[in-house]
There are 2 protein chains.
Amino acid sequence: MTTRTGPEDAPPAYDPSRFPAFAVTVDVVILTMVNATLKVLLVRRGEAPFQGMWAIPGGFKRPNETLDGAAKRELAEETGVDAASLLTQFGAYGDPGRDPRMNVVTVGYLAVLRDVGAIVAGTDAADAALFPVSDVLNETLELAFDHQRIVRDAIDRVRVELEVTGIATAFVGTTFTLAELRTVYEAIWGVQLDAANFRRSVVSDDGWVIPTGGRARPGPAGGRPAELYQAGRAWRHGGPIHRSPAGRRDEVTR
Amino acid sequence: MTTRTGPEDAPPAYDPSRFPAFAVTVDVVILTMVNATLKVLLVRRGEAPFQGMWAIPGGFKRPNETLDGAAKRELAEETGVDAASLLTQFGAYGDPGRDPRMNVVTVGYLAVLRDVGAIVAGTDAADAALFPVSDVLNETLELAFDHQRIVRDAIDRVRVELEVTGIATAFVGTTFTLAELRTVYEAIWGVQLDAANFRRSVVSDDGWVIPTGGRARPGPAGGRPAELYQAGRAWRHGGPIHRSPAGRRDEVTR
DNA sequence: CCTGTTCTGGTCGTCACGACTCTTACACTA
DNA sequence: TAGTGTAAGAGTCGTGACGACCAGAACAGG
């Protein structure tokens with residue numbers, strides 16, 4: 001990493017054999033959709049500092065594993081889910097004092113899951129729960145460490161990923177209706193999408209979704225049952241739905 | 001960072017008081033445009049490992065500085081430039097064995113500068129030089145550590161930033177012609193843009209660029225002198241030039 | 001004055017997309 | 001079994017962005 005080794009570039013304290021020691025952790029922002037609302041999985045801290053406060057799940061990176069591997073392991077330990085496909089790194093955080101105990105640099109990962117509700121219920125419900133992302137963004141809920149900023153960055157990232165990758169399909173089940181998929185976009189971008197136009201964009205013979213032939217059960221109010229689809233293979237080339245310029249500008253202005 | 005402290009979550013080796021120690025470094029991918037070609041600043045390693053090979057400039061993070069601060073400091077040490085505005089983090093790298101000496105996690109930063117040619121000439125030309133980015137991408141030039149991957153990720157990032165931020169103006173001077181600005185897009189995206197259409201997109205009364213009234217000196221072959229512009233304040237809301245869907249698809253397929 | 005080169009401005013066709021309307025299909029109830 | 005309500009599926013139209021292409025303007029140099 002060091003490049004030139006002139007005296008001004010390598011003071012004694014930064015000799016490679018005596019580098020400053022850091023703890024490296026991996027924090028995972030686990031997102032899911034519940035009732036057309038974007039939620040984040042938080043755990044309650046059992047010890048100081050920030051004892052009793054809610055935080056993002058995470059843990060130390062081990063020397064013999066990669067960062068991606070550490071994130072995958074933490075996700076599995078917290079939820080039991082082995083979802084390596086949708087685990088993307090979005091940032092590193094190393095402000096001095098962010099952990100009062102020691103020098104910690106953490107790497108943030110974004111995970112998108114479905115059916116986390118059942119998973120959380122399976123664990124001890126007292127120290128793991130789903131919270132609306134809006135509660136974190138508008139500071140209704142205060143988080144430990146700098147986790148508020150980390151969650152905020154994760155949301156910014158998922159908003160972009162939604163436009164350029166197939167991350168939307170990770171929020172829904174293996175089969176889904178177009179209305180379900182549409183609520184994902186609407187909840188994450190905070191916009192209203194015309195159902196007809198959405199359908200035309202997604203079903204446009206490009207292989208975004210594949211009809212399964214099945215039909216969903218209508219809601220309690222009746223209505224025509226929606227067709228069931230499964231994700232196609234075209235999502236790796238950028239998603240079919242794009243934000244309107246007005247909407248994007250709003251987000252930046254926000 | 002640790003969340004629950006059950007016995008399975010906290011093996012003795014990962015007690016907070018005895019965390020695994022890592023060195024944390026910051027590596028800066030410094031990009032600039034020379035003769036309509038995208039170049040990256042590399043330095044030659046003076047010591048093992050990878051002695052004599054070219055690498056990205058970087059160095060250890062100090063405990064009392066932020067990651068952004070460390071990147072800013074490294075950039076200043078290498079180039080003397082204090083360009084905090086366009087220094088963006090794009091990834092963290094911590095594969096075991098990426099540095100044979102010890103456990104190192106590095107955070108990659110992207111810096112965009114102009115006039116690096118003069119800066120490099122000012123330093124010892126033997127151990128710092130500009131290389132075409134294409135030489136790194138197609139593996140004509142082999143880099144130390146995993147720096148090839150880091151540069152590749154940085155290029156991926158700058159291609160996206162070019163579309164959604166005003167990073168293009170960082171490659172040109174305070175005043176510039178539209179042709180200069182166009183070559184930035186063409187070099188980074190590897191496309192050809194119609195000069196007339198490019199002009200229309202940029203000068204569309206949105207404040208992307210502000211005419212200064214001055215005119216550039218024509219090239220050696222003559223021609224009409226181009227008007228000089230300076231960057232407007234609208235770039236923070238997303239850039240005016242967007243890739244064609246075909247071009248974006250090519251990049252993913254690549 | 002002529003020519004070559006580059007910038008600047010204009011036109012046109014295409015296509016993606018949003019707004020809007022209508023039809024279809026099913027559940028539920030009387 | 002007929003009627004009603006609801007939501008999905010399908011069509012239409014207008015607008016706006018953008019790329020391809022062309023023409024004029026401005027300057028250097030011979």
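Because the structure is predicted, anything quoted here is derived from the model rather than measured. Residue numbers begin at 1 in each chain, while the letters A, B, ... track the order of the sequences. The figures that follow rest on heavy atoms only: side chains count, while hydrogens, waters and symmetry mates do not.
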For [X] and [N], what is the distance between atoms [atom1] and [atom2] respectively, to the nearest whole Å?
| X | N | atom1 | atom2 | result |
| --- | --- | --- | --- | --- |
| A:Q192 | C:dG18 | CD | P | 13 Å |
| B:N197 | C:dC15 | CG | C1' | 15 Å |
| A:D194 | D:dG9 | CG | P | 13 Å |
| A:L193 | D:dA7 | CG | P | 17 Å |
| B:L178 | C:dT8 | CG | C1' | 10 Å |
| A:E227 | D:dA8 | CD | P | 11 Å |
| A:F198 | C:dC20 | CZ | C1' | 19 Å |
| B:Y185 | D:dG19 | OH | C1' | 17 Å |

Subject >> Side-chain N or O of B:R199 closer than 4.0 Å to phosphate OP1/OP2 of C:dG9 >> reply: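 It does, given that an N or O in the side chain of B:R199 lies less than 4.0 Å from OP1 or OP2 of C:dG9.
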
Subject >> B:N35, CG atom: more than 12 neighbouring heavy atoms under 6.0 Å >> reply: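 Open.
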
Original post:
With sequence neighbours excluded, what pairs up with B:E186 under the salt bridge (Lys or Arg N to Asp or Glu O under 4.0 Å) test?
Top reply: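 Residues passing salt bridge (Lys or Arg N to Asp or Glu O under 4.0 Å) with B:E186: B:R182.
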
Subject >> For A:R157, salt bridge (Lys or Arg N to Asp or Glu O under 4.0 Å) partners two or more places apart >> reply: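 Salt bridge (Lys or Arg N to Asp or Glu O under 4.0 Å) list for A:R157, sorted by chain: A:E161.
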
Original post:
When A:V34 is tested against each of A:L38, A:T37, A:T32 for side-chain contact (heavy atoms from CB on, under 4.5 Å), which residue passes?
Top reply: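 Looking at A:L38, A:T37, A:T32, the match for A:V34 under the side-chain contact (heavy atoms from CB on, under 4.5 Å) is A:T32.
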
Subject >> Position toward the 5' end of DNA chain C (nearest nucleotide), A:A196 or B:R200 >> reply: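 Of the two residues, B:R200 wins.
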
